[in-house]
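Just so it is clear, the model here is predicted, and its values are computed rather than measured. Because only heavy atoms are used, hydrogens play no part in the values below, and waters and symmetry mates are left out as well, while side chains stay in.
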Amino acid sequence: MATSYDIVVSGTKAQSVAIPPVNGADGEPLGPAGNGADGVAGTGWNSKHCEVQATPGQPGNFGLDAPSAQGGNNGTNAFTVTITCNSYSGDPLNIANLGGDGSDGNDGGTGGKGSDGGKSGAQPAACKQFVTGGTGGRSGNGGAAGTGGDAGSAADITVTYGPGISGVPAGATSSSGVPGKAGTAGLTGTPGKGGLNSDGTAADPGGTGGPGAPGAAGTLSYAGSFNATAGTHVPATYLQIAIVSHSNTSNS
């Protein structure tokens with residue numbers, strides 16, 4: 001592969017747009033309103049009678065899912081250009097025919113934290129019923145990783161030269177650009193803790209969300225073509241290099 005080129009026809013490398021991961025919102029804390037009401041025992045001679053049982057604590061609020069991360073941008077295709085020389089002499093020309101590189105996808109954020117469950121109301125000695133605290137809030141899912149940007153395509157090159165030129169007067173190094181890498185998927189958030197039950201033990205914590213979906217790397221594109229032909233109806237030292245951008249829908 002040549003280390004220097006006489007002609008460079010290259011697509012533009014996609015600009016990376018680094019966006020910090022966006023996390024999911026945390027579940028709103030319950031505060032005192034999430035706790036159960038205390039039980040009520042009788043008074044005086046009726047103090048061993050449970051008048052009202054304590055009420056359970058409220059479940060914690062869910063953490064929200066982190067949004068999906070933005071994907072990378074696509075590299076562009078090598079451009080169209082035609083170079084015509086009515087008379088050419090010299091060493092063969094080296095042509096770089098390259099698609100632009102795709103940029104990397106962004107990383108997904110962490111899911112939101114679940115809030116803690118409320119504690120049960122306190123039970124007086126006269127009230128024997130077991131009363132539960134609130135379960136913790138479920139954690140949010142991690143954000144999906146951004147996909148890598150697609151690589152740009154190389155061009156199609158046609159070289160036409162006159163019969164007076166000995167050997168092919170041009171050669172090309174052609175390749176697709178490099179696809180962008182996928183970002184990193186976000187982690188699940190932290191579930192909320194369970195509130196205290198009436199016996200002082202903890203209720204169940206919230207469920208755990210999942211990590212974000214993995215992203216995919218960008219795709220390779222067309223690697224270009226090269227064709228050289230000795231013309232029969234052109235001047236003896238004529239040279240034309242026709243470079244035509246490849247047509248596809250994802251890159252331009």
With the 4.5 Å side-chain cut-off for hydrophobic clustering, are [X] and [Y] part of the same group?
X     : Y      : value
Val81 : Leu98  : no
Tyr88 : Ile83  : yes
Val8  : Val244 : no

Minimum-distance pair of heavy atoms, taken over all atoms of [X] and [Y]:
X      : Y      : answer
Gly142 : Ala66  : C-CB, 4.0 Å
Gly183 : Ala145 : O-CB, 3.3 Å
Gly231 : Pro163 : O-CD, 3.6 Å
Ala154 : Ser175 : CB-O, 3.4 Å
Glu51  : Gly42  : CG-N, 3.5 Å
Ser198 : Gly121 : CB-O, 4.3 Å

Any [X] side-chain heavy atom under 4.5 Å of [Y] side chain:
X      : Y      : value
Pro169 : Ile241 : no
Thr55  : Asp38  : no
Phe79  : Ile243 : no
Asn61  : Leu30  : yes
Tyr238 : Ile165 : no
Tyr161 : Leu239 : yes

Donor-acceptor pair, side chain of [X] and main chain of [Y], under 3.5 angstrom:
X      : Y      : result
Asn141 : Gly209 : no
Ser153 : Tyr222 : yes
Asn77  : Ser245 : no
Asn227 : Thr158 : no
Asp199 : Thr201 : yes
Asp150 : Thr219 : yes

Pair Ser221-Ser176, side-chain donor/acceptor within less than 3.5 Å: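 Absent: no donor and acceptor within the cut-off.
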Short side-chain donor-acceptor distance under 3.5 Å, Gln240 and Thr84: yes
Just verifying a value: how many Å separate [X] [atom1] and [Y] [atom2], rounded to the nearest 0.5 Å?
X      : Y      : atom1 : atom2 : result
Thr173 : Tyr5   : OG1   : OH    : 4.0 Å
Thr132 : Phe130 : OG1   : CZ    : 6.5 Å
Ile7   : Ile157 : CD1   : CD1   : 8.5 Å
Asn73  : Thr76  : CG    : OG1   : 11.0 Å
Asn74  : Thr12  : CG    : OG1   : 12.5 Å
Asp156 : Asn97  : CG    : CG    : 8.0 Å

side-chain hydrogen bond (donor to acceptor under 3.5 Å, both in side chains) evaluation trace for Thr188 with Thr208: CA-CA 7 Å; Thr188 183; Thr208 302; 6.0 Å; no
Side-chain cluster (under 4.5 Å, hydrophobic types only) that Val22 belongs to, other residues: none
Neighbour count above 12 (heavy atom, 6.0 Å) for Asn46 CG: yes
All pairs passing side chain to side chain donor-acceptor pair (under 3.5 Å) where residues 102-125 contributes a residue, at least two apart: Gln53-Gln123
